[in-house]
Amino acid sequence: MTDDEASIRRSLQFLLHARGYEPLSYRSGSALLADPASLSADCMIADYNMPDLDGLSLLGAFRAKGWDGPAILICASRDQELRLRAKACGYAEVIQKPFIRTPVLEALHRLCECAEPGDCDEDGEGGAGCGC
């Protein structure tokens, strides 16, 4: 997870840790890209508006390093154009700030916990009650 706002980073880290995840936390996109351990992440949560790289550029750079997991973008904007661009860049979910914990946890469940073979049927509809 990467966000330049320390309070958001800490809250997400606390929330995810409390739910059994082992989050890696970065204050910038550059820091995430510089850490080889980040490539082992199952899922990425990134803020759109950061001073060094925006969230769209970050995902592209992370994919160029060989990472191919699902990604969640968090942003303050209600701009539909940004949502469409984020989806086109490969973000599976876009969650608007200020968000509450439920949207993040639900997205992680859909993207990470339900991402095992057999969890979804052929056409992408949820199987095994996972809501994929």
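Only this structure's heavy atoms are used, side chains among them; waters, hydrogens and symmetry mates stay out.
- Heavy-atom neighbours of Q80 CD from other residues, nucleotides or ligands within 6.0 Å: above the threshold of 12.
- For residues 77-98, there are no ring-ring contact (aromatic ring centres under 6.0 Å, His included) pairs, not counting sequence neighbours.
- Annotation for D52 and G29: closest pair OD2-N, 3.2 Å, computed over non-hydrogen atoms.
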Output side-chain donor-acceptor pairs under 3.5 Å for residues 53-61, partner residues at least two apart or in another chain, one line each.
residue : atom : partner : partner atom : Å
D54     : OD1  : L56     : N            : 2.8
D54     : OD1  : S57     : N            : 2.7
D54     : OD1  : S57     : OG           : 3.3

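- Closest heavy-atom contact between A107 and I95: CB-CD1, 4.1 Å.
- Within 6.0 Å of atom CZ in R27, 12 or fewer heavy atoms from other residues, nucleotides or ligands are found, so the atom counts as exposed in its surroundings.
- Residues forming a side-chain hydrogen bond (donor to acceptor under 3.5 Å, both in side chains) with S11 (at least two apart in sequence, or on another chain): none.
- A chain of hydrophobic side-chain contacts below 4.5 Å, direct or via other Ile, Leu, Val, Met, Phe, Trp or Tyr residues, connects I74 to Y21.
- Residue L39 holds its CG atom at 10.0 Å from CG of D68, rounded to the nearest 0.5 Å.
- Taken to the nearest 0.5 Å, the OG atom of S7 stands 9.5 Å off from the CG atom of L12.
- Pairs of residues two or more places apart, or lying in two chains, never qualify as salt bridge (charged side-chain N to carboxylate O under 4.0 Å, His left out) while including a residue from residues 70-81.
- For residues 58-88, every residue pair satisfying the ring-ring contact (aromatic ring centres under 6.0 Å, His included) rule, not counting sequence neighbours, is listed here: F62-W67.
- Within the structure, the side-chain hydrogen bond (donor to acceptor under 3.5 Å, both in side chains) test picks out the following pairs touching residues 37-49 (sequence neighbours left out): D47-K97.
- Of all heavy-atom pairs spanning T2 and M50, the tightest one is OG1-SD, 3.6 Å.
- Residues L82 and C75 share a closest heavy-atom pair of CD2-SG, 4.1 Å.
- The CD1 atom of I8 sits 13.5 Å away from the CD atom of Q13 when rounded to the nearest 0.5 Å.
- Under the rule for a side-chain contact (heavy atoms from CB on, under 4.5 Å), the partners of A6 that lie at least two apart in sequence or sit in another chain are R9, R10.
- Atom CG of L111 sits about 11.5 Å away from atom CE of M44, to the nearest 0.5 Å.
- Shortest non-hydrogen contact noted between P23 and M1 is CB-CE, 3.8 Å.
- To the nearest 0.5 angstrom, I45 atom CD1 is 6.0 Å from C43 atom SG.
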